[in-house]
2 protein chains.
Amino acid sequence: MSVSSRLTHDQSRNGTGARNGHLPDEIAQDLSAKIASGALSVGDRLPSERDLCTQYAVSRAVVREALSQLKSDGLVAARAGSGVYVTQRDPTTSFRFQNFSVSDLGRLEEAMELLVTIEVAATRIAAKRRTPEDLKKIKRALIGMEYAIASDRLGDEEDYQFHQAIVEATHNPHFISLCQHLEASARNIIRQARSNTKTNHADLMDAVQDEHKAIYKALEDGDEEAAAEAASRHLYNASKRIRIYLA
Amino acid sequence: MSVSSRLTHDQSRNGTGARNGHLPDEIAQDLSAKIASGALSVGDRLPSERDLCTQYAVSRAVVREALSQLKSDGLVAARAGSGVYVTQRDPTTSFRFQNFSVSDLGRLEEAMELLVTIEVAATRIAAKRRTPEDLKKIKRALIGMEYAIASDRLGDEEDYQFHQAIVEATHNPHFISLCQHLEASARNIIRQARSNTKTNHADLMDAVQDEHKAIYKALEDGDEEAAAEAASRHLYNASKRIRIYLA
DNA sequence: GTTGTTGACTGGTAAGACCATTTCATGCCA
DNA sequence: TGGCATGAAATGGTCTTACCAGTCAACAAC
């Protein structure tokens, strides 16, 4: 009720220039409030789009955009020819790689377990699916890393690019997106760890680079098993190195 | 480029009744992939809505709905009179299992690839780490599922609880949190798929239950390999079943 | 009672038209 | 030359109308 009175007669015509933000947003908010409040419960059918148009005194395009928001939030589902229905609750909307304190080795273990699992799987897929262009990009990152080491830099940026390039070679956007999130979080930890130590551990970098080369070779050969194995070894060692940084 | 050629002139007009799921979803997916891949970077301006219309050969309503999804995902922001811009999404903050259109089998494939990877890994870990209490909870879910089938219910809630209990047996909060998110998204898709079909496919449930039992046995035995194998087979079949729903 | 058909209704999409704002090149003025 | 008004073009936001294909229930025929 308050809704319709709030939205009808809208402001678009009252020359004063009243500020109203995005009609679709308001409607989406209102509908989602009705759902949350229980006025519309699971399985219920919403009024038809055309009915909502008259209720809110807006065009169908606006209503559709509002509904589209609710759909992408998973609050409702539309069935062509039938109607729009309220779907089940529980918005586990997003996943966050939880911040864990660098000093807690147990937590580090848990985080690495997930990281290793996914990156190893991604590397295996990449070995099967990588294109020549992918290989070129990976090699570029590899050489960049080489150069960084020779320049006495830490090369963590290049390291990141190497892993990133491999994941992109899976050509699976879900893997890419998830690994971006994971690696970005991991990098935070590494940075934290490195800032806690003075020495450069440059000697470790050679080991890192060898492991990278092994991964690259497996990818080049398209050998899934070898790629997975190399990635697994690399990440296992990486977590050991992180512990050294933390020591 | 490949994009436009993939989507232009699409199947909507070829009377054969080709299945093409939700144009807006496809376009949103494509644009968000371009952003993730770096083809469009932060601050860049997207082509105008009218340009996108011609590029994708769809109406403006479709383009606007696609953009509205990206907006609510925080990937882009629109400025009236100016254009739509890529916002500073920091992949650090969160990961979202992106909505993929239920009828686009290619996308489904990609999503399942990630889902299978993670759940199989989780099951393997659970086989190694499950406590007697974990087993009890898993068995309870298994029996609940049995009961649901006998009651001619779909039992998708029980199904979810079964998987949930397994993942919890990893005792790794990151796995638990990620799988919760993934499975919640997957359930939405399954619900959508089922809402698009009339038949109940109750016969399939027996197969599901057999696969569940195999997983449980492996977990009970603490046999990591068998658990991973059983989970892999189950999820592979699950994705086949989803395709049946979509058919 | 069962079956088959019909027709109203629904979401999905298309196309064209305004509006208010932003943007930028133009040209005027100091 | 430099700064400032100006106006046309482009853009997102909204509205309108229209058609399509799917759904679903009432109704007619058997």
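Numbered from 1 within each chain, the chains take letters A, B, ... in sequence-line order.
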Undergrad: With sequence neighbours left out, write down each residue that passes side chain to side chain contact (heavy atoms under 4.5 Å, CB included) with Arg140(A), or none if nothing qualifies.
TA: Lys137(A)

Undergrad: Give a yes/no answer on whether the side chain of Arg64(B) brings an N or O atom under 4.0 Å of OP1 or OP2 in dG13(D).
TA: yes

Undergrad: Quick one: the side chain of Arg60(B) and the base of dT14(D), do they pair up donor-acceptor inside 3.5 Å?
TA: yes

Undergrad: Taking the side chain as everything from C-beta on, heavy atoms only, tell me whether Gln69(A) gets closer than 4.5 Å to Asp25(A).
TA: yes

Undergrad: Among Lys139(A), His171(A), Arg129(A), find the one that has a side-chain hydrogen bond (donor to acceptor under 3.5 Å, both in side chains) with Asp134(A).
TA: His171(A)

Undergrad: With a sphere of 6.0 Å drawn around CD of Glu224(A), does it hold more than 12 non-hydrogen atoms of other residues, nucleotides or ligands?
TA: yes

Undergrad: Closest approach to the side chain of Lys71(B), judged atom by atom: which nucleotide of dG13(D), dG12(C), dT13(C) is it?
TA: dG13(D)

Undergrad: Do Tyr160(A) and Gln180(A) touch side chain to side chain, with heavy atoms closer than 4.5 Å?
TA: yes

Undergrad: Consider the side chain of Ser48(B), meaning its heavy atoms from C-beta on, and name the nucleotide among dC15(D), dG13(D), dT11(D) that approaches it most closely.
TA: dT11(D)

Undergrad: Quickly work out the Leu52(A) CG to dT10(C) P distance and round it to whole Å.
TA: 11 Å

Undergrad: Using whole Å, report how far CG of Leu67(A) lies from P of dT13(C).
TA: 13 Å

Undergrad: If you check every side-chain atom of Arg79(B), which of dT23(C), dG11(C), dT16(D) has the closest atom?
TA: dT23(C)

Undergrad: Would a distance-only check, ignoring hydrogens and angles, find a side-chain to backbone donor-acceptor pair under 3.5 Å from Thr123(B) to Glu119(B)?
TA: yes

Undergrad: Side chain of Ala78(B) only, heavy atoms from C-beta on: which candidate in dT22(C), dG13(D), dA18(D) is closest?
TA: dG13(D)

Undergrad: Out of dA14(C), dC24(D), dC15(D), which has the shortest distance to the side chain of Ser82(A)?
TA: dC24(D)

Undergrad: Stems in DNA chain D: runs of 3 or more consecutive Watson-Crick or G-U pairs, distances under 3.5 Å?
TA: C:1-30 with D:1-30

Undergrad: To the nearest Å, give me how far apart CZ (Arg45(B)) and P (dA10(D)) are.
TA: 11 Å

Undergrad: Can you tell me the distance, in whole Å, between the CZ atom of Arg50(B) and the C1' atom of dC19(C)?
TA: 11 Å

